[in-house]
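Beneath this line is the structure, given in structure tokens, with notes to follow.
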Protein chains: 2
Amino acid sequence: MAKNIHDIAKAAGVSITTVSKVINNRPHVSPKTRARVQQVIRDEQFIPNHTARGLVQGKSKTIGMFLTTGLTHPFFSRVVVGLEKALKETGYDLLYLVQFDMGSDYSIVQHCLSRNVDGVLIFGFQSHDLNFEEMLQSGIPTIFIDMDFTGPRAGYITSENIDSIKTAVRYLHQLQHQRIAFINGHLDSYVGKQRFEGYRLAMQELELPYDPGYISIGDFSKESGYAAMKEFLKLSNGPTSVICCSDMIALGVLEAAAEAGLSVPDDLSVIGFDGIEMSKHTQPALTTIQQDFLTLGEQAIRSLNEMIHSPNLPPPSIIVPTNLVIRDSCAVCPL
Amino acid sequence: MAKNIHDIAKAAGVSITTVSKVINNRPHVSPKTRARVQQVIRDEQFIPNHTARGLVQGKSKTIGMFLTTGLTHPFFSRVVVGLEKALKETGYDLLYLVQFDMGSDYSIVQHCLSRNVDGVLIFGFQSHDLNFEEMLQSGIPTIFIDMDFTGPRAGYITSENIDSIKTAVRYLHQLQHQRIAFINGHLDSYVGKQRFEGYRLAMQELELPYDPGYISIGDFSKESGYAAMKEFLKLSNGPTSVICCSDMIALGVLEAAAEAGLSVPDDLSVIGFDGIEMSKHTQPALTTIQQDFLTLGEQAIRSLNEMIHSPNLPPPSIIVPTNLVIRDSCAVCPL
DNA sequence: TTGTATGCGTTATCAT
DNA sequence: ATGATAACGCATACAA
């Protein structure tokens, strides 16, 4: 069933070396022989065995991928579309590396080495799970998504976080809002830190009152948004607007507001983050900071491809612009 | 950096054969040597090279995966959680096989062979893209998700389709509805055919009027649901309820109904299919046929694992039960 | 231009 | 119980 290079060589009446040269577009083969071999390859539908090739070359035409939050990562399904596009361009297959809990001596680097992956994608926001230090030192080309680790062979890519939040604050400010609340995701995550910084800076720049009571630390979930809003509602002098670090948080805020009889946007303005499909269909449609998931995925693979082929290039740190999509959840401050 | 079996052998003062035996839990090694070798392996964080192992064994501890609709498949991100769980149990990594368009002579089987995958998952509803016949004949253990291909080494897994729709029709019938419309997905897809059959049978059993004007063929998208509902609204004697083959279709129906000033569920009852996250948050919350995505994913991998290890077992055909989740989009027929 | 031979890291066969 | 050695399919240095 499975042909190999010997079968092709025999069928074409040449040596395996010649076949190998043809496969890899190497010189020193006469045009006539080349054509003949190519014909046989096509006839037999021959594809060289990646495994063998990987063994001898130490390469595998494979990008490994780790997810720190598992495949449940909320944007995975979006980013992955971009990954796929760039994967097609570059000819890599994507290997999802499953971290079996084989005791504490599991090594992410060993897993990569064992699989001979040419590059690695690390994806997510929970940095405490894996030992990334060893990854940084391994010399394996690595791109982090939504984490800012860097090393001689490691870069990262993330959406614009600081400026995005600043833009949101300014927008609310233009709508006369002064009491602007902020519901963060995990504060120990890179994006959480960045977005909080954006909020802090913007409030400062605009000389708006920075009230710790207006700041809540969530976990990107709807439930955390709901809980945070409930707390805000207890305040005697509550916020007139809320910036949320995820659309799911915003969804929880919307729900809590509705329960309290507050009208969005008349009584309360809400801004989300991410621009997931659902944000179009909330009641009212959510004004949100739209991430460019497609570009995020595409650039991740393309960068990895460049790092693999140009070992001397410094690894990139890429910030992908976002876009404040204005829909119906914000209005002029009622006060 | 990367240790190999020779390094371990040297460090433990034994031959590579012995090390190999220890790694693979083979007999004919004294307890003392075994312990010593194991210690060295742990110390060095050694993982045997999958590539080399794959070459000699023709296996790779890898499951290949093709997506006929690309990674944009609407439930991919849900099913994948189940895949991951079972992957962890069984110790496989998951290789996403990207179909580069390398001309018409691209062969899905050759791709699998070239990668030495132990089994293959084929996922989606567009059967025309790939040549599955060759896959069925290849002898590579294969599981289809949402397609009913079978072969000596190929089985499939899908949600209950016929009975699910029947249940929905009966539910609407209990609510006194007679004029029940049906918006299908692609009719050339397996699930489309099945669901339509369920509708047809249920209408027949309950002796309800089967009106071709109440049947629309969509493509699972929101837009197709919107368009279909617009058509229903033109009818002089339109339906009082609609069963949709996806939640996205239902979303389009909801939108068209709202535009027409119809109240759901008072004027129109709507049932979706899938039970995606968004269905909880529509206005009103959508009554829908909930697919058990987790089980779908888990069973797919577990079945593959069994097929790989028991070549003589007939490949399974698995139907996963669904669950009609009753929320707020259906009411007693107003007429 | 073409072909022979070696090795990549591992498992498996067959000694010892 | 242990070890030497031949595969696995391919790329490549080297020889012809």
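Note that the structure is a prediction, hence the values are computed from the model and not measured. Throughout, a chain's letter reflects where its sequence line sits, starting with A, and its residues are numbered from 1.
End-to-end axis angle for the helix from C:dT1-D:dA16 to C:dT16-D:dA1, using five pairs per end and rounding to 10°, comes out at 50°.
Two residues are said to be in side-chain contact when any heavy atoms from C-beta on lie closer than 4.5 Å; A:P316 and A:I143 meet this criterion. Counting only heavy atoms from C-beta outward, the side chains of A:L67 and A:M65 approach each other to under 4.5 Å. The shortest distance between side-chain heavy atoms of B:I5 and B:S20 falls below 4.5 Å.
Listed by chain and number, the residues in a side chain to side chain contact (heavy atoms under 4.5 Å, CB included) with B:R34 are B:V22, B:N25, B:V29, B:Q38 (sequence neighbours excluded). Evaluation of the side chain to side chain contact (heavy atoms under 4.5 Å, CB included) rule for B:T158 yields B:D146, B:Y156, B:N161, B:Y190, B:V191, B:I319 as partners, not counting sequence neighbours. Evaluation of the side chain to side chain contact (heavy atoms under 4.5 Å, CB included) rule for B:R153 yields B:P141, B:M307, B:P311 as partners, not counting sequence neighbours. By the side chain to side chain donor-acceptor pair (under 3.5 Å) test, A:S303 pairs with no residue at all, sequence neighbours left out. B:E306 pairs by the side chain to side chain contact (heavy atoms under 4.5 Å, CB included) definition with nothing, not counting sequence neighbours.
Regarding B:R36, its CZ atom lies at a distance of 12 Å from the C1' atom of D:dA1, rounded to whole Å. B:I8 has its CD1 atom 9 Å from the P atom of C:dT10, to the nearest Å. Regarding B:N116, its CG atom lies at a distance of 15 Å from the P atom of C:dT11, rounded to whole Å.
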Got a list of protein N/O to nucleotides 6-9 of chain D N/O distances below 3.5 Å?
unit_1, atom_1, unit_2, atom_2, d
D:dC8, O2, B:V56, N, 3.2
D:dG9, N2, A:A52, O, 3.3

Mind listing the N/O atom pairs, protein and nucleotides 14-16 of chain C, below 3.5 Å?
none

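A heavy atom lying under 4.0 Å from DNA chain C marks the following residues of residues 22-34 of chain A, by number: A:H28, A:V29, A:S30, A:T33.
Using modelled atom types and a 3.5 Å distance limit, the side chains of B:N116 and A:T51 yield a donor-acceptor pair.
A salt bridge (Lys or Arg N to Asp or Glu O under 4.0 Å) check over residues 109-118 of chain B, counting only residues at least two apart or in different chains, returns the pairs A:D93-B:R115. Here salt bridge (Lys or Arg N to Asp or Glu O under 4.0 Å) pairs that include residues 42-54 of chain A, with residues two or more places apart or in two chains, are A:K3-A:E44.
In terms of phosphate contacts, A:T18 brings a side-chain nitrogen or oxygen within less than 4.0 Å of OP1 or OP2 of C:dG3.
In this structure, A:Y106 and A:H111 have perpendicular ring planes: the angle between them is above 60°, well past the 30° mark.
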Identify every side-chain donor-acceptor pair in residues 294-301 of chain A under 3.5 Å, counting partners at least two apart or on other chains, and give the distances.
unit_1, atom_1, unit_2, atom_2, d
A:T295, OG1, A:D292, OD1, 3.1
A:T295, OG1, A:D292, OD2, 2.6
A:E298, OE2, A:K85, NZ, 2.5

